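Right, one structure below, let's go through it.
Every value quoted in this text rests on a predicted model; they were computed, and no experiment measured them. Below, read A as the first sequence line, B as the second, and so on, with proteins coming before strands; counting in each chain starts at 1.
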Amino acid sequence: MFSGLIKNEYIKLFSKKKTYIILGLYILLSIIIAMIGESFEKSYFRYKDPDYLIENINHQIQYEKEYLDSIQNDSSIDEDEKEMLLKNSNEHIETLKEEIKRLEERKKTGEYDWREEYREQIAANESIIKEIEAKGNLSKDDLNQVNYMKQDIERLNILLSTDTSPEDENVNTGINYLYNNLLMVTSAFLSFGLILFSSDSVSGEYNPGTLKFLLIQPVTRIKVLLSKFVVTALSSVTLILGGQALFFVIVGLIKGFGKLSRPMLVGQEFEKVIYDGFEMFQRIAGSGEYIPLWNYILRMLILEIFLIITVTAFIFMVSTISKSSVVANTMCISIMLGSTIVYNLSSSYRKISHLIFLNFGDIDGIVSGSIISNTGKVVFTPINVIIVCVITTIVFVLVSLGVFKKRDLLI
Amino acid sequence: MEKVLEVKNLSKRIGKREIIKNISFSINKGEIFGFLGPNGSGKTTTIRMLVDLISMDSGSITIMGKDIKKEREEALSHIGAVVENPELYGYLSGYENLMQIARIRSISKERVDEVIGLVGLENRIKDKLSKYSLGMKQRLGLAAALLSKPNLLILDEPTNGLDPNGIQEIRRILKTLSKEYGMSVFVSSHILGEVQQLCDIVAFIEDGRITSIETMEMVKKSSRYFLETEESDKTTSILENIEGISVIKVTDHGYILELGDENPSHVIKQIVYKDIEVISFARHEKELEERYLELIKGGIR
């Protein structure tokens, strides 16, 4: 009997024109995200082109020379200071010229040895660490710098060992597409898409009153409502993740799937600092660990699934209580927009934001840990977010069932 | 006689208003029960309680011995109903609308086809419901209610939107179902002609109260007789002197005589004996409308 209800709900969902319109919009969004990735890639290649870079550096040299002239003719600066400024400026011009030489070289050979550059960077970092450590009696700032450098060495070493070039991060590959898609969909479009998709799941049956036909059948009201929730939630998860998987494959087949082992930083820790009289959260240098990109994206996907189910449960509850699709839509949109506005305006709200699912759109921030610096809540971790999602979903479903079971149907 | 539906002391308050006031009635197997009352008298509210769309404040409803509150699903399994308008899914075909119910009630496709044939929707069943006329929607609603071969069929104004042929056909279907298959039918209506032609028993409801429950024979029963003869002062005065006639009313083709408890054969004997030329003498059967107006104060609103 329950399977019959489930099948009925699927048939109803996929017989509505609205479902296909929303699907069409979702595909359009996915294409736009792919196009954005493509344009990112183009500008990346443009900016790393030696000719472009040389031209850019020449502009800088030009600017620096003008600055030199202006200092030399400035009588208001005392001689000692002038001398120092001129020295710095000349040094800068020399560095820029060296950079041009390197680029000219690169242009000639046509090759860019990123591995060598990474190795040089590692060596440079190591020498800075040695320099600092040689001083002995390290200050907090010194320690921070050492930790920062060490973590950077770790990152560069992973990049070298996994043979991950700078291009891997910037080219529009399948995996990079998926990452961008997850970022954009969950932070901006997920809630509104779900409102359009599911806000009429119950309220839509009040007018016209098709719910009457459903409720005079010999099944409990709880089963009727649960079948609706299960189908709405499952369809939302399947369609959203299905779309992401599909475009991951399409972009992957066209542009390559990309490096799945690229290191991503998670579990960053933050500490409270007072800066210019303001309380701020600063990342503890060297905190967190590197995990491969595939693992990072998997964590994002899991969070996305929980987020979809919780948002659906919320919309479903509003839909059950409101008896009208228009009211349900308006209420959901107002609450979601309202929450975003309050989040940006009120630091007190941000402090409790880790308990409210409406603020879980930044899954990248949650997985990496950077959301803690925005909210000041060190408990804003992926695990806690999942726990809040589960509890919230259960509460929403129970409220929906409670209201629906007792309601007089006067339609 | 097996009781299919038993309603006892049912009451319902919505807001401050008492909509249903302590009503009781029952329907036996195979009976067609008419629920007659003006708009707003509580017919649809009663039906909503019968199928548990709304809760009752007090009283009980038992369907095939199952209490709608305590054994809701079992009770509902014996009912097929159309509450108010037959609102089904406009974006689904007629067939899929029926299949929705068939899946919930585990009804075979053969039965679905059989019912489609019964209500005469074979040619349009694959069309989307949104393209149906009101009459077709009524037929589909009836089909949906009949799918499970219910013991009790509940219909709310079932001939709304039907043309005369359609009305006659629905009436024929309902009579067949009741006589041949023993299905009990509960029909609410404010259309007197419909109830008169269809029902075996009629309950009159006004302002949430059942004022009377009568069989159609009781409704029609009267002690008025129509005497067809040429009207004249002489005849009138003769009639006035005949014992047993309590009221005499002149009509176009003769007289209407109220006999009370008097034996009509005794009266006709005297009429003939006193040389009144009788063309015909017949009992005047009361129309439901007359009874309705007698019972429901103020008549149809």
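- The local environment of NZ in A:Lys405 is sparse, with at most 12 non-hydrogen atoms from other residues, nucleotides or ligands closer than 6.0 Å.
- Atoms CD1 and CZ, from B:Ile101 and A:Phe213 in turn, are 5.0 Å apart once rounded to the nearest 0.5 Å.
- In this structure, chain A has a heavy atom under 4.5 Å from the backbone of B:Asn85, while its side chain stays farther away.
- To the nearest 0.5 angstrom, B:Arg103 atom CZ is 12.5 Å from A:Gln217 atom CD.
- In this structure a side-chain-to-backbone donor-acceptor pair under 3.5 Å is missing from A:Lys212 to B:Leu53.
- In this structure, no portion of B:Met49 lies under 4.5 Å from any heavy atom of chain A.
- Taking A:Asn8, A:Leu409, A:Thr210 one by one and counting their heavy-atom pairs under 4.5 Å with chain B, the maximum is reached by A:Asn8.
- Atom-to-atom distance recorded for B:Ile104:CD1 and A:Ser3:OG is 11.0 Å, nearest 0.5 angstrom.
- Test B:Lys12, B:Arg13, B:Arg48 against A:Asp408 for salt bridge (charged side-chain N to carboxylate O under 4.0 Å, His left out) and you get one pass: B:Lys12.
- When B:Thr44, B:Val82, B:Leu76 are compared by the number of non-hydrogen pairs under 4.5 Å with chain A, B:Leu76 comes out ahead.
- A donor-acceptor pair is defined here as one N or O able to donate and one able to accept, closer than 3.5 Å; no such pair exists between the side chain of B:Asp52 and the backbone of A:Ile216.
- B:Lys3 NZ: 12 or fewer foreign heavy atoms inside a 6.0 Å radius.
- For B:Ser55, the parts lying under 4.5 angstrom from a heavy atom of chain A are both the backbone and the side chain.
- B:Arg209 CZ: 12 or fewer foreign heavy atoms inside a 6.0 Å radius.
- Per-residue counts of heavy-atom pairs under 4.5 Å with chain A were compared for B:Glu96, B:Met99, B:Glu84, B:His78; the largest is that of B:Glu96.
- Contact of the A:Pro218 side chain with the B:Arg105 side chain is registered, since non-hydrogen atoms from C-beta on lie closer than 4.5 Å.
- For a residue to count as touching a neighbouring chain, one of its non-hydrogen atoms must lie under 4.5 Å from one of that chain's; by this rule B:Glu74 does not touch chain A.
- Annotation: A:Lys18, atom NZ; neighbour count of heavy atoms from other residues, nucleotides and ligands within 6.0 Å is above 12.
- Residues B:Leu92 and A:Lys16 are not in side-chain contact: their nearest non-hydrogen atoms beyond the backbone lie 4.5 Å or more apart.
- Chosen from A:Val219, A:Leu214, A:Leu211, A:Leu215, the residue pairing most often with chain B at heavy-atom distances under 4.5 Å is A:Val219.
- Per-residue heavy-atom pair counts under 4.5 Å with chain B were compared for A:Lys223, A:Lys406, A:Glu205, A:Lys17, and the maximum is reached by A:Glu205.
- When only modelled atom types and interatomic distance are considered, B:Tyr89 and A:Lys12 share a side-chain donor-acceptor pair under 3.5 Å.
- For chain A, the nearby parts of B:Leu88 are the backbone and the side chain; heavy atoms of each come within less than 4.5 Å.
- Contact annotation for A:Arg221: both backbone and side-chain heavy atoms come within less than 4.5 Å of a heavy atom of chain B.
- For chain A, no part of B:Ile154 is nearby; none of its heavy atoms comes within less than 4.5 Å.
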